[in-house]
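Written below as structure tokens is the structure these notes are about.
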Amino acid sequence: MEIINGTQVAFLVKEKLKDDIKNNFIELNRAVPKLAVILVGNDPASLIYVEGKSKACSQVGISSQMFHLDEKTTENELREVIEKLNKDKTVDGILLQLPLPKHFDENKMVNLISPEKDVDGLTRVNLGKLISNDNTGLFSCTPSGIIELLKYYNVNLKGKDVVIINRSLLVGKPLAFMFLNEDSTVTICHSKTKDLKEKTLKADIIVVAVGKKGFLTQDMVKDGAIVIDVGINRNNEAKKVCGDVDFENVSKKASLITPVPGGVGPMTIAMLLKNTYLAAIKNR
Ligand code: NAP
């Protein structure tokens, strides 16, 4: 069994980006790529995420600007901010931190972002490009990070049976199409799926993103399977983060497995930085 080192792979992605930004922007006296981060309200987890993203930007030479809006911001006010940033030629990428407060139609707000600046890959245009295997789009960060990790560990995805336990627009749906584009055979599972264990036991690769500690147990995994844990569950008392996989026992059966923390999480941020760089390269 091998444990995937997402921190290390993310570090390598960021080192390469740092070089690319130096060569293609700084040394040519061009303004470095710029990310605009919009946060509405004061959700504590979101505050930590946006701070982490801004810090990661500065590590690779991307400039970032935070737009912190009041909890009571209206849809029209948020629309104005997004439309201004869409027009701003100094801004290459726009990230709208989710979840938004409950009075927003999240899907409507996300789709106001210009697809060329949609570094989270969540607009209909970019999701459509992913489905049609058109690589001119910007693609979702967590799913891209998972595919990048598997490729780094030389996993041949062609013909592999993949089970994804999640059908969200953020994770499961885009990831399913990324695996399909790599010639894998994909089963998407969710809370209404019958006989989940029967399906996971047949899988060469299991991706779990349910948000429940210890959800994927040893008896659900076949010998030698690859297990990717996307879940983030916070144990506030112990101030510890854990995933959805019973790591101690599942790791005895898996051939390759991601830990939490240090697996998929760091890759999500690395892919956000890469998308911001790609947006700047493509659109200037
Ligand atoms: P979400 O929209 O709530 O999705 C959860 C998925 O799990 C849904 O598809 C749900 O099914 C399914 N599910 C829930 N209970 C189930 C059960 N008993 N059996 C089978 N499926 C079940 O959440 P999300 O935004 O996709 O995030 C999922 C998890 O990944 C969270 O822990 C989140 O923190 C984490 N995450 C991590 C990263 C990272 O960078 N590491 C990035 C994004 C998300 P239904 O669709 O039927 O409700």
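A quick note: this is a predicted structure, and the numbers were derived from the prediction, not measured. For ligands, and for the atoms within them, numbers begin at 1 and follow the listed sequence.
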Hydrophobic cluster identity match, Ile232 and Met271, side-chain contacts under 4.5 Å: no
Got a list of side-chain donor-acceptor pairs under 3.5 Å for residues 1-9, not counting sequence neighbours?
residue, atom, partner, partner atom, Å
Asn5, OD1, Thr7, N, 3.3
Asn5, OD1, Gln8, N, 3.0

Numbering as shown, the atoms of ligand 1 that approach Ser168 to under 4.0 Å (heavy-atom distance): 2 (O), 24 (P), 26 (O)
Charged N-O contact under 4.0 Å between Lys16 and Asp20: yes
Path from Phe139 to Val171 over hydrophobic side-chain contacts below 4.5 Å: yes
Audit row: Tyr277, Asn24, side-chain contact (heavy atoms from CB on, under 4.5 Å) steps and yes/no: CA-CA 10 Å; Tyr277 169 78; Asn24 295 318; 2.8 Å; yes
Distance-only polar pair, side chains of Gln59 and Lys18, donor-acceptor under 3.5 Å: no
Heteroatom proximity flag, Ser191 to ligand 1, N/O under 3.5 Å: yes
Under 3.5 Å side-chain donor-acceptor pair for Ser132 and Asp134: no
Residues Val230, Val208; criterion side-chain contact (heavy atoms from CB on, under 4.5 Å); working and verdict: CA-CA 6 Å; Val230 186; Val208 55; over 6 Å; no
Shortest protein contact, atom 46 (O) of ligand 1 (heavy atom only): Arg167 NE, 2.8 Å
Shared hydrophobic cluster for Ile147 and Ile188 (ILVMFWY, side-chain gaps under 4.5 Å): yes
Cationic N near anionic O, under 4.0 Å, Lys213 to Asp246: no
Closest to atom 29 (C) of ligand 1 among Pro143, Gly263, Ala209 (heavy-atom distance): Ala209
Atom 21 (N) of ligand 1: nearest protein contact (heavy atom, Å): His190 C, 3.1 Å
Closest protein heavy atom to atom 33 (C) of ligand 1, given as residue, atom name and distance to 0.1 Å: Ile232 N, 4.2 Å
Heteroatom proximity flag, Ile165 to ligand 1, N/O under 3.5 Å: no
Side chain, backbone, both or neither: Val230 near ligand 1, heavy atoms under 4.0 Å: both
Which of the ligand 1 atoms, numbered from 1, are nearer than 4.0 Å to a heavy atom of Thr268: 39 (C), 40 (O)
Leu175 reachable from Val186 in the ILVMFWY side-chain graph, under 4.5 Å edges: yes
Proximity of Val171 to ligand 1 by residue part, where a heavy atom lies under 4.0 Å: side chain
Ligand 1 N/O within reach of Asn233 N/O, cut-off under 3.5 Å: no
Under 3.5 Å: N/O of Lys192 near N/O of ligand 1: no
Sequence neighbours excluded and cut-off under 3.5 Å, please list the side-chain donor-acceptor pairs for residues 112-120, or say none.
residue, atom, partner, partner atom, Å
Ser114, OG, Glu116, N, 3.4
Ser114, OG, Glu116, OE1, 2.8
Lys117, NZ, Leu85, O, 2.9
Lys117, NZ, Asn86, O, 2.9
Lys117, NZ, Asp88, O, 2.8
Lys117, NZ, Val91, O, 2.9
Asp118, OD1, Gly121, N, 3.1
Asp118, OD1, Leu122, N, 3.2
Asp118, OD2, Leu122, N, 3.0
Asp118, OD2, Thr123, N, 2.8
Asp118, OD2, Thr123, OG1, 2.7
Asp118, OD2, Asn126, ND2, 2.9

Atom 27 (O) of ligand 1 [closest protein heavy-atom partner, distance rounded to 0.1 Å]: Asn166 ND2, 4.1 Å
Which of the ligand 1 atoms, numbered from 1, are nearer than 4.0 Å to a heavy atom of Phe215: 17 (C), 18 (N), 19 (N), 20 (C)
Option with minimal heavy-atom separation from atom 25 (O) of ligand 1, where the choices are Leu169, Val260, Leu170, Leu98: Leu170
Any Gly265 heavy atom less than 4.0 Å to ligand 1: yes
Ligand 1 contacted by Gly231 (non-hydrogen, < 4.0 Å): yes
Atom 13 (N) of ligand 1 [closest protein heavy-atom partner, distance rounded to 0.1 Å]: Val210 CG1, 3.9 Å
Cluster check Leu98, Val50: I/L/V/M/F/W/Y, side chain < 4.5 angstrom: no
For atom 42 (C) of ligand 1, the protein heavy atom that lies nearest, with its residue and separation: Thr142 OG1, 3.2 Å
Is_contact(atom 3 (O) of ligand 1), protein non-hydrogen, under 4.0 Å: no
Contact with ligand 1 for Lys212, non-hydrogen, under 4.0 angstrom: yes
